[in-house]
Number of protein chains: 2
Amino acid sequence: MQNSFTEENYLKIIHALSGREGLEVTTNALAESTSTRAASVTDMLRKLADKGLIHYKKYQGVRLTESGEKVAISVIRKHRLWEVFLVEKLGFGWDEVHEIAEELEHIASKELVERLDSFLGHPRFDPHGDPIPDAKGNLTEPDYLILTDVGVGEKVLMMGVLDHAPSFLQHLDRSGITLGCVLEITEINDYDKSASVRINGSNSLFISLEVSKNLLVQRR
Amino acid sequence: MQNSFTEENYLKIIHALSGREGLEVTTNALAESTSTRAASVTDMLRKLADKGLIHYKKYQGVRLTESGEKVAISVIRKHRLWEVFLVEKLGFGWDEVHEIAEELEHIASKELVERLDSFLGHPRFDPHGDPIPDAKGNLTEPDYLILTDVGVGEKVLMMGVLDHAPSFLQHLDRSGITLGCVLEITEINDYDKSASVRINGSNSLFISLEVSKNLLVQRR
DNA sequence: AAAAAAATTTAGACTACCCTAAAAATAGAT
DNA sequence: ATCTATTTTTAGGGTAGTCTAAATTTTTTT
């Protein structure tokens, strides 16, 4: 049987919340993420468990089964490929594409996904730096650093963001921080942990701890 | 309030069935087209009427209101633009795109549609020769001939199809009949109204009345 | 113009997904 | 180890969209 729009969203969110260790996800966390009440989550969990998509024991939280994992990763693949399309082909900003991709990710056709992938040149990362699962369902999370883990004087490459909120991404745009740029921490303020950062070797600016916490980077 | 996937489908189908004269559409015709029962159609009609999207009097059939027409045409615009995308950019055959576009046509973002339109170079017709409504909602149906109305010796341009069934389109592919090709009727068989047709001035083939009835053409 | 046939609507019910309120289970504090 | 707070589940219910069966209206036939 086909999975509904709603079921796919639950699986996607369970995947995101269980992290790379595949930890148990709680009912309340799901209620929060799906903007529904805990009671509604319980209903859906029973249903997903009946379909063999999650491991579920009452009061014990949930994990994806292998089959549930497959569905979740397929949805993530579609979401991220469509985001690449929207940014690369249609010229949307990286702050504008999430909502639209939330709808596009549920289009079923397998053939469509593979042709889209090929049309886009088999991109490995989406416009926010998130890795795109391959056609076989392999998803390898690169182990980036968070900018807060980088010391003064170090030069790093900007590889992704943790926060996908439009307001955060627009803030980065205004600061001139883009995927792939070189960041060099020139100073860290002891008092509030705000930092001075040089971008691509030239203009320098202050960024708050809040921003640093959400920037994924890589040593070169 | 937003219109649901299902509501949009009803409006689109009412538009199609009422033709360019905007004739009343019957409950049974809608039940047939939506693959549901007449009772279900009645329920939905009451709902659409409450929302001001259709004119509905019990037992009297329905017509779209101006606001319903706007929604229907927007859905048609999206459907046909996505079909162009699927064929022109992703390399699908014209026989493969209908189902996928049935899903894509319900993606809401207005911005997406306008950017897609622009990315595709503002196409006027979809891969089946159907006209694409413009951004303001103007839809002008070109007045093509049906091939059965063309006499022996006449040369016409192949402009569209009435039947969108994959099997019919595949049959045209095998016959070498494509959008824009020149068809010349060399002979019409009096017995079964099958015809001999020259394609682009060269190879000749037989086509049945059934096929002729579904080909839209234009005198040059 | 009445009877028969066909089309349409109403009545009552089902599934998916969501809700609130109350009950039950787990976790935390003393 | 028990009591309390928190989390989760159950119970009962609502809306959207579908169904079947029965009632009603319109159309067709005679």
Side-chain angles (χ1 to χ4, degrees), chain A residues 1-14 17-19 23-64 67-68 71-72 75 102-103 105-108, chain B residues 1-15 17-19 23-64 68 71-72 75 102-103 105-108:
Chain A
M1 194 201 316
Q2 263 282 89
N3 303 303
S4 73
F5 190 104
T6 310
E7 288 168 349
E8 288 188 352
N9 275 332
Y10 269 86
L11 295 173
K12 184 184 58 167
I13 291 171
I14 293 168
L17 294 179
S18 69
L23 298 171
E24 313 285 334
V25 177
T26 66
T27 300
N28 265 359
L30 283 168
E32 166 88 41
S33 288
T34 56
S35 301
T36 62
R37 299 317 183 94
S40 309
V41 172
T42 301
D43 281 351
M44 181 57 83
L45 294 184
R46 243 181 355 91
K47 190 175 156 198
L48 292 173
D50 286 348
K51 289 180 108 178
L53 295 165
I54 59 173
H55 295 292
Y56 173 54
K57 264 181 264 136
K58 288 206 290 189
Y59 297 100
Q60 307 302 302
V62 292
R63 270 178 314 112
L64 294 176
S67 129
V71 175
V75 174
E102 285 289 297
E103 295 187 59
E105 73 189 6
H106 301 289
I107 305 291
Chain B
M1 195 201 317
Q2 264 281 86
N3 303 303
S4 74
F5 190 105
T6 309
E7 288 167 350
E8 287 189 352
N9 275 333
Y10 270 86
L11 295 173
K12 183 183 61 168
I13 291 171
I14 293 168
H15 178 93
L17 294 179
S18 68
L23 299 171
E24 313 284 335
V25 177
T26 66
T27 300
N28 263 359
L30 283 168
E32 166 88 42
S33 288
T34 56
S35 301
T36 62
R37 298 319 181 96
S40 311
V41 172
T42 301
D43 282 351
M44 180 56 82
L45 294 185
R46 241 180 359 88
K47 190 176 158 199
L48 293 173
D50 287 348
K51 290 180 108 179
L53 295 165
I54 59 173
H55 295 291
Y56 173 54
K57 266 182 264 142
K58 287 205 294 191
Y59 298 101
Q60 306 302 302
V62 292
R63 269 179 314 114
L64 294 176
V71 175
V75 174
E102 286 289 296
E103 295 186 59
E105 73 189 7
H106 300 291
I107 306 291

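Every chain is numbered from 1 and lettered A, B, ... according to where its sequence line falls, protein lines coming before strand lines. What's counted below: heavy atoms across the whole structure, side chains too, no hydrogens, waters or symmetry copies.
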Length of the [atom1]-[atom2] vector between [X] and [N], whole Å:
{"X": "A:D43", "N": "D:dG14", "atom1": "CG", "atom2": "P", "value": "16 Å"}
{"X": "B:E32", "N": "C:dT8", "atom1": "CD", "atom2": "C1'", "value": "16 Å"}
{"X": "B:E24", "N": "D:dT26", "atom1": "CD", "atom2": "P", "value": "14 Å"}
{"X": "B:F5", "N": "C:dA16", "atom1": "CZ", "atom2": "P", "value": "18 Å"}
{"X": "A:L48", "N": "C:dA16", "atom1": "CG", "atom2": "C1'", "value": "12 Å"}
{"X": "A:L30", "N": "D:dT9", "atom1": "CG", "atom2": "C1'", "value": "15 Å"}
{"X": "B:R46", "N": "D:dA16", "atom1": "CZ", "atom2": "C1'", "value": "12 Å"}

Among [options], which is the nearest nucleotide to the side chain of [X]?
{"X": "B:T27", "options": "C:dT10, D:dT8, C:dT8", "answer": "C:dT8"}
{"X": "A:R37", "options": "C:dT20, C:dT8, D:dT18", "answer": "C:dT20"}
{"X": "A:T42", "options": "C:dC19, D:dT8, D:dT18", "answer": "D:dT8"}
{"X": "A:Y10", "options": "C:dC18, D:dT20, D:dT18", "answer": "C:dC18"}
{"X": "A:T36", "options": "D:dT18, C:dC18, D:dT10", "answer": "C:dC18"}
{"X": "A:S40", "options": "D:dC19, C:dT9, C:dC18", "answer": "C:dC18"}

- Look at A:N28 and D:dT6 and indicate whether a side-chain polar atom (N or O) is within less than 4.0 Å of OP1 or OP2. no
- Item | Donor-acceptor contact below 3.5 Å, side chain B:E8 vs main chain B:H106 | no
- Query: If you round to the nearest 0.5 Å, how far is CZ of B:F5 from CD1 of B:I107?
  - Reply: 9.0 Å
- Say you draw a straight line from CD1 of A:I54 to OG of A:S67; how long is it, rounded to the nearest 0.5 Å?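 So the CD1 of A:I54 and the OG of A:S67 are separated by 11.0 Å.
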With a 4.5 Å cut-off on side-chain heavy atoms, are [Y] and [X] touching?
{"X": "A:L45", "Y": "A:L30", "result": "yes"}
{"X": "A:N3", "Y": "A:K51", "result": "yes"}
{"X": "A:E105", "Y": "A:N9", "result": "yes"}

- Item | B:K12/B:E102 salt bridge by N-O under 4.0 Å criterion | yes
- Residue whose closest nucleotide on DNA chain D lies nearer the 5' end, B:M44 versus B:A39: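 Mapping each residue to its closest nucleotide by heavy atoms, the 5'-most match is B:M44.
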- Interface residues of residues 52-60 of chain B with DNA chain D (non-hydrogen, below 4.0 angstrom):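 Correct list: B:Y59, B:Q60.
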